[in-house]
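Data first, discussion second: the structure below is written as structure tokens.
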Amino acid sequence: MHEHDVVNPATEELVATVRATTPEEVDAAVRRAIDAQRRWAALAPGDRARTLRRFAAAVDEHLEELALLEVREAGHPIGNARWEAGNVRDLLDYAAGGAERLLGAQIPVAGGLDVTFHEPLGVVAVIAPWNFPMPIAAWGFAPALAAGNAVLVKPAETTPLTALRLAELALEAGLPEGLLQVLPGAGPVTGNALVGHPGVAKVVFTGSTAVGRQIMATCAQDVKRVTLELGGKNPNIVFADADIERAAAAAPGSFLDNTGQDCCARSRILVQRSVYDRFLELLEPAVLSWVTGDPADPGTQMGPLVSAAHRERVRSYVPETAPAAIRGNAPAGKGYWYPATVLEGRPGDRAAVEEIFGPVAVVIPFEDEEEAVRLANATDYGLSGSLWTRDVARALRVSRAVAAGNLSVNSHSSVRYWTPFGGFKRSGLGRELGPDALSAFTETKNVFIDTEESK
Ligand code: NAD
């Protein structure tokens, strides 16, 4: 019998031990889900919507409990964790309305009526990472449930507790038994059993590009539907005509939020050469004043990294001798702490090319707009990016030229549950969230009905 220890990354204390789901148990869970899905899809859309709104209300009632659980299992600052639990509530509310608005089309044809239906897929597997355990699970399960599917969530080994609690709240809110199940366990065992199961119609995977590629290959065997949300190495482009003070003040949050463990982290800061020195001068105090410490303290902006192994990975990008332009402070002693770090880089450096997934950014100068776009696109990834300029035409030109799914101008915002989210190139396949979120969980069926009078 396999078990996974859940460790508090800020204290290294054991929080819980969670039993892993065996492949036989995965099989039994898929069977229960198939049953539950048939009954769920047969309900009136209004009844499905009401049940999901009750689920949203249950999340809201337990928001503080869920947030505190995320602080303990993932080391997220309490302010962030409250936002994450609130995001689950809001997305459930938003998706619930989709159940009632899953509109088909009526297409003009001769001699009859042609209509389309959006049929649920059946059983959907959601494989979630550890960096945003609650929201990322919900980005999959909320629209999938609203569209009439059953969902099996495989949380990350290190952070299964909030997903397990959400499944309990779903039951208490009246979701049928078996409709939303959480199956903790190792990726290559539990996750793999789920991905390869013939009863699973679609896999929604968020995680590394390497694992995403394997999952896509497994899904190809059965032509299984797949949505992939993978890595990022996102540019933050600062033009000389921007409000440099604002751009520098906003930059720390863009790569330090969630201790940089964010696929949207703007970890490549590209700065026009004429303002490069001024920008770094302004960036330094902004980075050094970023509050790092006890995640339970509401004033904390940055907590620890998720695990000792991950800290070693992050450290490997910053050799002790590396000429760091800026190096912040981090608590000493217990916990997987790592200081905010800015490196002066060159375009081909490993730290400027690979996703570090820690509080480390690389700053690189550029000459002109053409070079900025070229550097921004010099990556296999294409998830998000920001650009800072006062020139509206340039803002539009560069937004269109950067090959990434989510761009922000004079801002770093990229994720709202009501706008679409996803990556270009090796950052993923498909989109989540936004007005079309449910369409990723349905098949379109076209039906023609002959209306000719029989002779
Ligand atoms: P990971 O790929 O190691 O693991 C993600 C999940 O996949 C975990 O639940 C893991 O147990 C499971 N898994 C691993 N091997 C598997 C297999 N063979 N079959 C089935 N499941 C398997 O990634 P991680 O380290 O947990 O997360 C970090 C990565 O996630 C980063 O690369 C980050 O950029 C990416 N990410 C992307 C987005 C996005 O929306 N694009 C969001 C968050 C994180």
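Indexing begins at 1, ligand by ligand and atom by atom, following the structure's order. Remember, it's a predicted structure, so these values are computed and weren't measured experimentally.
Within the set Thr159, Asn131, Thr158, the minimum heavy-atom distance to atom 44 (C) of ligand 1 is found for Asn131. Closest to atom 34 (O) of ligand 1 by heavy atom, among Arg313, His4, Glu355, is Glu355.
A salt bridge is absent between Lys233 and Glu354: the closest approach of a Lys/Arg side-chain nitrogen to an acidic carboxylate oxygen does not fall below 4.0 angstrom. Taking a cutoff of 4.0 Å between a charged side-chain nitrogen and a carboxylate oxygen, Arg89 and Asp60 qualify as a salt bridge. Ion pairing between a basic and an acidic side chain is recognised when a charged N comes within 4.0 Å of a carboxylate O; Arg48 and Glu100 show no such pairing. The pair Arg32-Glu177 does not count as a salt bridge, with every side-chain nitrogen at least 4.0 angstrom from each carboxylate oxygen. Electrostatic pairing of Arg19 and Glu25 counts as a salt bridge here, judged by a charged N lying under 4.0 Å from a carboxylate O.
Among the atoms of Thr206, none of the N or O lies under 3.5 angstrom from an N or O of ligand 1. The shortest N/O to N/O separation between Ile215 and ligand 1 does not fall below 3.5 Å. For ligand 1, the polar-atom distance check finds an N/O of Glu157 within less than 3.5 Å of one of the ligand's N/O atoms. Geometrically, ligand 1 and Ser208 share a nitrogen or oxygen pair separated by less than 3.5 Å. In terms of polar-atom proximity, Gly191 is not counted as a contact of ligand 1, lacking any N or O under 3.5 Å from an N or O of the ligand.
Relative ring orientation between Phe55 and Phe141 is described as parallel, the plane-to-plane angle staying below 30° on a 0-90° scale split at 30° and 60°.
Under 3.5 Å, the side chains of Glu70 and Thr162 contain a donor-acceptor pair of N or O atoms.
For the pair Gly428 and ligand 1, no heavy-atom separation below 4.0 Å is found. Residue Phe357 places a heavy atom under 4.0 Å from ligand 1. Distances shorter than 4.0 angstrom do not occur between any heavy atom of Gly422 and any atom of ligand 1.
Atom 9 (O) of ligand 1 has its closest protein heavy atom at Ala128 O, 2.7 Å.
Which parts of ligand 1 touch Gln214 is read off a 4.0 Å heavy-atom cut-off, strictly below it: atoms 18 (N).
For atom 4 (O) of ligand 1, the nearest protein heavy atom lies 4.0 Å or farther away.
Counting heavy atoms closer than 4.0 Å to ligand 1, residue Phe132 contributes nothing at all.
Contact of the Val200 side chain with the Val30 side chain is registered, since non-hydrogen atoms from C-beta on lie closer than 4.5 Å.
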